[in-house]
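Below is one structure, written out as structure tokens, with a few remarks after it.
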There are 2 protein chains.
Amino acid sequence: MTTRTRRTSEEDRKLAKTLKESKAPAISRAAAILRLLGKSEAPLGLQAIARALGLVPSTCLYVLRALVAEEFVAFDPDTKRYSLEAGVLTLARHWLKRNQFTDLVQPELDRLSQAFDVTMLGVNIVGLDHMIVVAVSQSGNNFQLSAQIGSRFPALISATGRCIAAFGGYPDAELESRFNTLRWDDPPTLDEWKGQVEQTRAQGFGVDEGNYITGVTVVAAPVWKSRGALSHAVVATGIGSALKRTGLPPLQDALLSSAQTLTVQLGGEPA
Amino acid sequence: MTTRTRRTSEEDRKLAKTLKESKAPAISRAAAILRLLGKSEAPLGLQAIARALGLVPSTCLYVLRALVAEEFVAFDPDTKRYSLEAGVLTLARHWLKRNQFTDLVQPELDRLSQAFDVTMLGVNIVGLDHMIVVAVSQSGNNFQLSAQIGSRFPALISATGRCIAAFGGYPDAELESRFNTLRWDDPPTLDEWKGQVEQTRAQGFGVDEGNYITGVTVVAAPVWKSRGALSHAVVATGIGSALKRTGLPPLQDALLSSAQTLTVQLGGEPA
DNA sequence: GAATAATATTCTATATATTGAATATCTGGT
DNA sequence: ACCAGATATTCAATATATAGAATATTATTC
């Protein structure tokens, strides 16, 4: 490891850009630190954090101290290492408490996961950047696919991604450039994908058969929280071969019906 | 409602103080906003947020924009209202994933809640300010006491508070001034409380019989994560009359034993 | 539907958060 | 136990985030 290591990862570039444009760069720095600490296996020291994010150590120190004062970051005075603090749980609790979508989907997810022996997810769509899993129901019978509340995925990936592309109302150019950054086990070509998005728009739900994860089939149906504002999705995931046996159509129908019910309950309607 | 309303709540004063002393005030502002949005029933507009926290609207706007960019806050362009975003779940997920205490306590909590028909909590002690519930197990048989992961309590309250006072190594003056800010259903006098803290130190666990919540008995035992660093507690709560029937001592012994096991597993030891 | 009040947003001077170098402190190897 | 190499922390100059007034937008009242 030489003294001069220019490490400018993708994350760094994004952070650097945000910092330039923002009128409150300390917050971008804080968020980057929180995410880094979240990803990290072990607590990190000041230098490690500053280097990983391309921050000035002294600035980084001040941000860390503020985060410690706010109880988002824990500081061990003995080792001088930083890690996430339990305070982040409190925010999550508040979010869950106030969110009606989670309350409304949970029974639907439980019902569908039982009926079709699949893992059901409720996801929140956050702009064109990400979707976040906010509710889960596992069937419990078969091999369980791991998926946890709080998991983040790129917006356009898998079946849900096709829904977002189909119903999000984003310009083609934007979609294409983001499509190119996605990682799939078995990537579709852009043309294939566009065709699938078109099909999603036509039939009202999206399907991913082994593209995102080999052997896994994903079906997703969109939920609107107000006119034209695509906000959530109901998602079913299962081993492709197992789903083939029972047949996809009944699941797709049930999923679509659930999503439509939820849209009504949330006071929304499709664009 | 007159035009001139000078609202300087306790929270405001604390925020104001933090802002002066911090080298990264934007982060204190951001944290205050996140907590406010967490508490709020409905999404809030810019003015409402700025007024509640004593912030300058323009500054508040810049902070909010940064928080929206970082996906911690959701912005509805139609209503121009802000609320917590699902992104906060992601941080919580990471925290839970990395935290070994939660993994280690959960089976203990489940075992004890079953054995004694009580609600068991694992709590994280954050300085002298707060404790945060990080794991829960309900017995399921009797009337369930509500308690959720992420709940925050003042550090010195109830049975756990007596543990923190007894084993935290904080100066008496500090303890007394904080004791005076606590809210109990049936507050003990300072002298009574000091006696109970003394007893807690002697017997190794704390008890609260109806002081914090009328009719509810709470027992708490401390867990250390390193030499002298009080970091967690195992807590049992139940209806006082029900606990009387079975007798407290067996529960207290089991609790103390669990806490000691956990201390060893975490590599800590009492001061 | 016009007028008014309230709210959100832009803009600019200035107090200050950030930087980068200097200093203190810790860590690991011999 | 000492010394190097690394890490954490302080400090003063300056680039810039912030406050407050000015403007644009939205909501409310008559």
Side-chain angles (χ1 to χ4, degrees), chain A residues 1-7 12 15-33 36-37 40 42-70 73-83, chain B residues 1-5 7 12 15-33 36-37 40 42-70 73-83 226:
Chain A
M1 224 178 284
T2 59
T3 47
R4 198 142 267 295
T5 315
R6 207 71 216 90
R7 170 165 341 141
D12 281 5
L15 175 56
K17 194 179 169 191
T18 320
L19 284 175
K20 283 278 163 238
E21 318 209 327
S22 169
K23 291 257 183 183
I27 291 165
S28 307
R29 282 188 269 259
I33 289 174
L36 177 68
L37 292 177
S40 167
L44 296 175
L46 173 64
Q47 294 292 335
I49 296 167
R51 214 151 343 115
L53 299 172
L55 299 177
V56 174
S58 57
T59 304
C60 192
L61 177 66
Y62 296 137
V63 173
L64 281 165
R65 290 222 253 246
L67 289 172
V68 170
E70 300 299 338
V73 167
F75 175 60
D76 184 334
D78 297 331
T79 64
K80 310 230 170 198
R81 247 123 253 257
Y82 300 85
S83 56
Chain B
M1 221 177 285
T2 61
T3 48
R4 199 141 267 295
T5 315
R7 170 162 344 137
D12 281 4
L15 174 58
K17 195 178 169 191
T18 320
L19 285 174
K20 282 278 163 237
E21 318 208 329
S22 170
K23 292 256 181 183
I27 290 165
S28 307
R29 282 188 268 259
I33 290 174
L36 177 69
L37 292 177
S40 168
L44 297 174
L46 173 65
Q47 294 291 336
I49 296 168
R51 213 146 350 112
L53 299 172
L55 299 177
V56 174
S58 59
T59 304
C60 192
L61 177 66
Y62 296 137
V63 173
L64 281 165
R65 289 222 253 246
L67 288 172
V68 169
E70 299 299 338
V73 167
F75 175 60
D76 184 334
D78 297 330
T79 64
K80 310 228 168 200
R81 247 123 254 259
Y82 300 85
S83 56
S226 62

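Here is how names work: the chains are called A, B, and so on, in the same order as the sequence lines, proteins then strands, and each is numbered from 1. Please read these numbers as outputs of a predicted model, since none were measured by experiment. Only heavy atoms go into these numbers, but all of them, side chains included; no hydrogens, no water, no symmetry mates.
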Has [X] got a side-chain N or O lying under 4.0 Å from the OP1 or OP2 atom of [N]?
{"X": "B/Lys80", "N": "C/dT9", "value": "yes"}
{"X": "B/Arg65", "N": "C/dT10", "value": "yes"}
{"X": "B/Arg29", "N": "D/dA17", "value": "no"}
{"X": "B/Arg51", "N": "C/dT7", "value": "yes"}

Would you mind telling me which of [options] lies closest to the side-chain atoms of [X]?
{"X": "B/Gln47", "options": "C/dA8, C/dT18, D/dA8", "result": "C/dA8"}
{"X": "A/Tyr82", "options": "D/dA8, D/dT9, C/dA8", "result": "D/dT9"}
{"X": "A/Leu46", "options": "C/dA8, C/dA17, D/dT9", "result": "D/dT9"}

Can you check nucleotides 20-24 of chain C for protein contacts, nitrogen or oxygen pairs under 3.5 Å, and list what you find?
from	atom 1	to	atom 2	distance (Å)
C/dG20	N7	A/Ser58	OG	3.3
C/dG20	O6	A/Ser58	OG	3.0

*Looking only at heavy atoms, which two atoms of A/Leu46 and A/Pro57 are closest? And how far apart?*
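Heavy atoms of A/Leu46 and A/Pro57 come nearest at CD1-O, 3.6 Å.
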_Is the shortest side-chain heavy-atom distance between B/Lys80 and B/Phe75 below 4.5 Å?_
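The answer is yes; the side chains approach within 4.5 Å.
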*Do A/Val68 and A/Tyr82 touch side chain to side chain, with heavy atoms closer than 4.5 Å?*
yes
*How do A/Phe75 and A/Ala24 order along DNA chain D: which one's closest nucleotide is nearer the 5' end?*
A/Phe75
Nearest-0.5 Å distance that lies between atom [atom1] in [X] and atom [atom2] in [Y]:
{"X": "A/Leu37", "Y": "A/Leu67", "atom1": "CG", "atom2": "CG", "result": "8.5 Å"}
{"X": "A/Leu44", "Y": "A/Leu36", "atom1": "CG", "atom2": "CG", "result": "5.5 Å"}
{"X": "A/Leu64", "Y": "A/Ile33", "atom1": "CG", "atom2": "CD1", "result": "4.5 Å"}

Nearest whole angstrom, please: distance from the [atom2] of [N] to the [atom1] of [X].
{"X": "A/Lys23", "N": "D/dG20", "atom1": "NZ", "atom2": "C1'", "answer": "14 Å"}
{"X": "A/Arg81", "N": "D/dT7", "atom1": "CZ", "atom2": "C1'", "answer": "9 Å"}
{"X": "B/Leu64", "N": "C/dT7", "atom1": "CG", "atom2": "P", "answer": "15 Å"}

